[in-house]
2 protein chains.
Amino acid sequence: MTRGSITIGDVAAKAGVSRATVSRAFTRPNLLTPAVVEQVRRIADELGYVPNRIARALSTGRFGTIALLVPDIANPFFPPLIRAAQARADALGYAVFLGDSDETPDREDRLLAKLAPQVDGFVVASPRLDEARIRFHAGQKPTVLINRDIAGVPRVLIDVRGGIEMAITHLFALGHRRIAYVGGPAASWANQQREQAAMAAAQRFGIEELAIPAYRPTYEAGQAAVERLLAAGVSAAIAFDDIVAQGLVAGLSARGIVIPRDLSIVGFDDVLAVTTYPPLTTIDAHCADAGAAGVELLLEIIETGEKRDACQIIPTRLVQRESTGPVTTGEAIPGRSPSAGNRRRSTDQRGRT
Amino acid sequence: MTRGSITIGDVAAKAGVSRATVSRAFTRPNLLTPAVVEQVRRIADELGYVPNRIARALSTGRFGTIALLVPDIANPFFPPLIRAAQARADALGYAVFLGDSDETPDREDRLLAKLAPQVDGFVVASPRLDEARIRFHAGQKPTVLINRDIAGVPRVLIDVRGGIEMAITHLFALGHRRIAYVGGPAASWANQQREQAAMAAAQRFGIEELAIPAYRPTYEAGQAAVERLLAAGVSAAIAFDDIVAQGLVAGLSARGIVIPRDLSIVGFDDVLAVTTYPPLTTIDAHCADAGAAGVELLLEIIETGEKRDACQIIPTRLVQRESTGPVTTGEAIPGRSPSAGNRRRSTDQRGRT
DNA sequence: TTGTAAGCGTTATCAC
DNA sequence: GTGATAACGCTTACAA
């Protein structure tokens, strides 16, 4: 097994010191005579010696790597989160494994187990695994959750209530008194949280609020919910996320309904808002911040070794764009005729966060 | 140094065999009696044993990891690519480091150097580094390029010409005789390639084609290009990518121009087409396929050890949706009055691939 | 077919 | 301060 690279032994031999000394010259130079440190380093440089991280990892049990797990990289919620997490980890000297659980708890479980022996810790965004398994893995390796609230496991959460509150305040001010929450999958923790927050806030404002399921968090599901939305006779809707919102916008536009003149739509997450027409009013979840915060929290735990039961809340804010406006007729106008545009293919643009 | 995890020794003890046998049960089961293999595996499962890849790497010099480098995770072109690459690598037993060069050659260089000692190879999508440096790194570790054509370096390219050809055929059939190519950054290899292909194809059809720069590959740049597009008096435009296309759609819609009645728009990549309104006609670049192909090619090179100068072409196809239609007036109508909607914030939705 | 034992390159624990 | 030496967990000749 000839691995040509220069090892600590080569440097030690050439410098006339022991391998331990060479090691120390890099890891604990203050334990050595400055002159020795300098000489060793010079020789190491000459030889082009680079410490082998793998060997170091085997010896220390520290890898300088973390794993970031998400349910679906292609879900627009995650790329900004991944990007920020990666950048933060890189800046702090860590390399990042990326894992995609494809929305399935089993694959998440497998990835956790597979990567555990080569990482210092995990950031798991929107975990799909059940609480017991998460607790188990979190007990093995430092683990930070994003978008899931399990007491005792460090986590980064999004201030859903605050965001929803702002959205409802906004709609109330525009005169809306009967609105809908178009939800995502009933089993989703995020959806439950968002729906509850919406209901609670509406009640506080004396607004009538109907929950309309979209079942799946996709563009198509949003389109499919349009009929139910119109039947509900509301003047505004808050969607589970931007994807569902965009599905609603498309479905409504196809029926000749003009947004926001006839109906106001609020999204959630602010992941594609600005690329839609009309630009979507939405609740900015600062998902990039969540990613960065998750990594920071994890590395702090790793490096201090403390078992902090941290729970960091990422603030949200309402971004007012052009999909919301004042009530005109007071109710949505019924749909005209369905448009011709129906040849849409199935797509991977999912929306569950 | 207590690393609690289960080791090969634990399994060996419980199974009453040597550690070598356990090792072989996982790496070379065909050397063992099937019964032994099965028993060892069962016990390993019971104990929750997972081979320590670091230890394995130290022993074999192979890591079971690859790195995937992209210029910007949040650019919608990449998530499907990353997802497919990750899935393919995972299925073949590899873990994936993800690196984001943030569009800067230097960071790409740094990531390559930093990750090199812990991976078996690289997939670099849309490299920003100059040819010499890429050649250097490719000489050190197996490297596959996506979206960059450097002779001698294995690469996966997209059939831009074919896609453009289909788009122009489509526009020609609809009666368009004067069209525009709204380009991305002039320095981008992808943009040059796309522009050239568009010009060549138009010429073949006897179509008049104007190149309109968008300078940056963003939604905003697309919007900003609208004025120039209208001034050009064309009836259709092919955009550098879907993001720019979507910017055009938004800018045109804001001026009261109806798509495709007044103007036809074709995107490129098919990364957000279905979530827009109207649904975008676009050239599907099959970026997921490119990601999977990149990984497969890399792993083949790693595992066979062959230095193949492979150049794999990913086919494209035109996806006809609703942003293209027959010429009506023959020319675009001039803009009416600019809409009110102008409070758009700067965003990270970039589009350069 | 299976076991023994020598690495892989580093760091940690002792002595000196 | 510095040097032996034993881990770290696994793979792989080489024996048996």
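Chain letters run A, B, ... following the sequence lines, proteins first, then strands; residues in each count from 1.
Using a 4.0 Å heavy-atom cutoff across all strands shown, A/Pro51 reaches sugar-phosphate atoms only and no base atom. If you check every strand for non-hydrogen atoms under 4.0 Å, A/Tyr49 touches sugar and phosphate atoms only. Here B/Arg53 lies out of heavy-atom contact (under 4.0 Å) with every strand. Residue B/Val22 is classed as having no contact, given no heavy-atom separation below 4.0 Å to the nucleic acid.
Between B/Ser23 and D/dT11 there is a side-chain N or O to OP1 or OP2 distance below 4.0 Å. Regarding contacts with the backbone of C/dT2, a side-chain N or O of B/Thr33 is found under 4.0 angstrom from either OP1 or OP2.
Spacing between atom CZ of A/Arg19 and atom C1' of D/dA7 amounts to 12 Å, rounded to whole angstrom units. For B/Phe26 and D/dT11, the CZ to C1' distance is 14 Å, given to the nearest whole Å. As a whole-Å value, the separation of B/Phe63 CZ from D/dC10 C1' is 14 Å. Computed from coordinates, the A/Asn52 CG to C/dT10 P distance equals 5 Å when rounded to whole Å. Distance CZ (A/Arg62) to P (D/dA7): 22 Å, rounded to an integer number of Å. Rounded to whole Å, the distance from CD1 on A/Ile54 to P on C/dT11 is 13 Å. Counting to the nearest Å, the C1' atom of D/dC14 and the CG atom of B/Leu31 are 14 Å from each other. In this structure, B/Leu47 places its CG atom 15 Å from C1' of D/dG9, rounding to the nearest Å.
Both B/Thr21 and A/Ala55 lie close to DNA chain D; mapped to their nearest nucleotides by heavy-atom distance, the more 5′-ward contact belongs to A/Ala55.
A salt bridge does not link A/Lys141 with A/Asp120: none of the charged nitrogens is closer than 4.0 Å to a carboxylate oxygen. Salt bridge present: B/Arg107 and A/Asp90 bring a charged side-chain N and a carboxylate O closer than 4.0 Å. B/Arg155 has a carboxylate O that lies under 4.0 Å from a charged side-chain N of B/Asp309, or vice versa, which qualifies the two as a salt bridge.
Between B/Asp109 and the options B/Arg128, B/Lys114, B/Arg133, a side chain to side chain donor-acceptor pair (under 3.5 Å) holds for only B/Arg133.
Across C/dT4, D/dG9, C/dA12, the shortest atom-to-atom separation from the side chain of A/Thr60 is found for C/dA12. Minimum atom distance to the side chain of A/Leu58 is reached by C/dG9, of the listed D/dT2, D/dT11, C/dG9. Closest to the side chain of A/Arg24, from the set D/dT11, D/dT5, C/dT13, is C/dT13. Side-chain proximity of B/Arg56 to the nucleotides D/dC10, D/dA4, D/dT5 is greatest for D/dC10. Minimum atom distance to the side chain of B/Arg28 is reached by D/dT12, of the listed C/dC8, C/dT11, D/dT12. Closest to the side chain of A/Val36, from the set D/dC10, D/dC8, D/dT2, is D/dT2. The side chain of A/Ala20 lies closest to D/dA4 when the candidates are D/dC8, D/dA4, C/dG3.
Between the A/Arg41 side chain and the A/Ala25 main chain, a donor and an acceptor come within less than 3.5 Å of each other.
Between the side chain of A/Ser59 and the base of C/dG9, no donor-acceptor pair of N or O atoms lies under 3.5 Å.
Taking the six-membered ring for Trp and the full ring otherwise, the centers of B/Phe63 and B/Phe97 sit at least 6.0 Å from each other.
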